[in-house]
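Take a look at the structure set out below.
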Amino acid sequence: MLTPSQMAIVKATAPLVGEKAGEITAHFYPLMFARYPQVIQLFNQTHQRKGSQPQALAKALVAYATHIDQLAALGDAVAMIANKHCSLNIQPEHYPIVGECLLESIAAVLGESVTAEVADAWSAAYKQLADILMSAEEHLYQNNSLRQGGWRGERAFRIARIDTESAVIKSFYLVPAAGEQVIDFSAGQYIGLVINVNGESVRRNYSLSEAPGKVGLRISVKREEGGLVSDYLHQQAKVGDTLMLTPPAGTFTLGHSAASQERPLLFVTGGVGITPAISMLNDCVHNGRPITFIHAAVNGDHHAFDAHLKALAKTHRNLNYYVIYEKPLAEDRPDAMGFIDREILSRFVPASGDVDLYFLGPKPFMRCVKALAVELAIPHDQCFFEFFGPVEELA
């Protein structure tokens, strides 16, 4: 436990660490990868090159230091990080590696400002955070192993089927390679995929795009330009191949409280952000709750699951389906053209703002929807999204 004086030191130096957070993370990752190359596979190198992962760490570090005396305020963030770590199969032995290199980087960047007392305080703060995360992660690991069809660590799955959903998205149907029971999960969660590409072991997270209770698990992957794993899956993966999966994780799931069941449900998705929403929709469309599903895509060629959504809307009177295309093709018949805006979204939000809003898509799309939710008075605790970068980027 941190002493009161250590807590005071961490809070007092948090602004300085925040000011230099970018430099600290820029020093930290190369140091750690050079000293402990075995952890490189646990980090998405594309996110490293783009800077999104260092930026997310910097923001998390400052948030933790700032709230060191009120950790309850970080509850949601801790849950999200713990779930992400479990999807990557992070273990207790990884924490000393990160702590050693992070504290060394703080000292290297801040120089003489890091006295013995400051170093001691930040070391104690890191140990506290590591203990919190390790405890949360062990709880998740145990729950995953106790789930129906559950397991701990990695399990081999076989590709049973591959479907083309759009010009850029393919679905992969995965079944346990040894015939084990398919795991129970919460709609909206994601799995961790461990795959060998050109002799390199890499890890990626992909949302499950089908409801629980099916024969297997389904992920729907967009081919990203220059994407190492997505390109491999689209171009080389074939039926019968074996992939290693970690159990479903994630907190972006449907609420099941009595109050939420009474409210209209509004999905707003863009591009491949449709995938967890399809899982949620397939899981709840039968319960009669009023649902509006708005999807934005470039055009019909890029629109995944359109036929499925149209079929659901025909057979379920509680589902209203609305389509926006940025650049429609001649044969496309969207409900609107261009981008989502207040005029469109306001049609599906009551004046009271009393809906449960779930949104996911590219960063500019999410930034727009998040701002519109505020304008339309949708309560903050009724807005749900999944974003692995710093949330401030959506402001």
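Sequence positions, counted from 1, serve as the residue numbers for this chain. Below, each value reflects all heavy atoms present in this structure, side chains not excepted, and no hydrogens, waters or symmetry copies. Computed from a predicted structure; not experimentally measured.
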For residues Asp335 and Ile324, determine if any side-chain heavy atom of one lies less than 4.5 Å from a side-chain heavy atom of the other.
-> no
Are Phe365 and Phe339 side-chain neighbours, meaning at least one heavy-atom pair lies under 4.5 Å?
-> no
May I ask you to decide whether Asp184 forms a salt bridge with Arg147, counting only side-chain N to carboxylate O separations under 4.0 Å?
-> no
Side-chain donor-acceptor pair present, Thr275, Ser209, cut-off under 3.5 Å = no
Would you please say whether a donor-acceptor pair under 3.5 Å links the side chains of Asn144 and Gln142?
-> no
What is the minimum heavy-atom distance between Gly149 and Arg155, and which atoms define it?
-> O-NH1, 3.4 Å
Donor + acceptor pair across side chains of Glu386, Tyr358 (<3.5 Å) | no
Minimum side-chain heavy-atom gap Asp120-Thr115 below 4.5 Å = no
What do you reckon, is NZ of Lys11 surrounded by more than 12 foreign heavy atoms closer than 6.0 Å?
-> yes
Inter-residue atom distance Ile294.CD1 - Arg347.CZ, 0.5 Å rounding | 9.0 Å
Salt bridge present between Lys370 and Glu375 (N-O < 4.0 angstrom) = no
If you measure from CD on Glu165 to NE2 on His302, what distance do you get to the nearest 0.5 Å?
-> 14.5 Å
Heavy-atom side-chain proximity of Ser113 to Val118 below 4.5 angstrom | no
Are the side chains of Phe33 and Val39 in touch, meaning some heavy atoms are under 4.5 Å apart?
-> yes
The single option from Asp241, Leu228, Val221 that satisfies side chain to side chain contact (heavy atoms under 4.5 Å, CB included) with Leu233 is Val221
Is the NE2 atom of His286 crowded by more than 12 outside heavy atoms at less than 6.0 Å?
-> yes
Looking only at side chains, do Asp231 and Gln236 share a donor and an acceptor under 3.5 Å apart?
-> no
Taking the six-membered ring for Trp, are Trp151 and Phe157 ring centroids under 6.0 Å apart?
-> yes
Tell me, do Glu117 and Gln6 make a side-chain contact under 4.5 Å, heavy atoms counted?
-> no
Are Ile195 and Tyr232 close enough that some pair of their side-chain heavy atoms sits under 4.5 Å apart?
-> yes
CA sep, side-chain torsions, deciding dist, call: Tyr321, Asp306, side-chain hydrogen bond (donor to acceptor under 3.5 Å, both in side chains) | CA-CA 10 Å; Tyr321 175 43; Asp306 182 45; 2.6 Å; yes
Can you check whether Trp122 reaches Leu103 side chain to side chain, under 4.5 Å on heavy atoms?
-> yes
Any chance the side chains of Tyr173 and Glu210 put a donor and an acceptor closer than 3.5 Å?
-> no
Does the side chain of Glu100 come under 3.5 Å of the side chain of Tyr95 through a donor N or O and an acceptor N or O?
-> no
If you measure only the distance, is there a donor-acceptor pair under 3.5 Å linking the side chains of Ser201 and Gln41?
-> yes
Please confirm whether the backbone N or O of Phe28 pairs with a side-chain atom of Ser105, one donor and one acceptor, at under 3.5 Å?
-> yes
Lys327 bridged to Asp301 by N-O distance under 4.0 Å = no
Give a yes-or-no answer on whether the side chains of Thr253 and Ser186 include a donor-acceptor pair shorter than 3.5 Å.
-> no
How long is the gap from CG on Leu110 to CD on Glu19, to the nearest 0.5 Å?
-> 9.0 Å
Transitively linked via ILVMFWY side-chain contacts under 4.5 Å: Ile340 with Val298?
-> no
With no hydrogens and no angle check, do the side chains of His303 and Tyr325 hold a donor and an acceptor under 3.5 Å apart?
-> yes
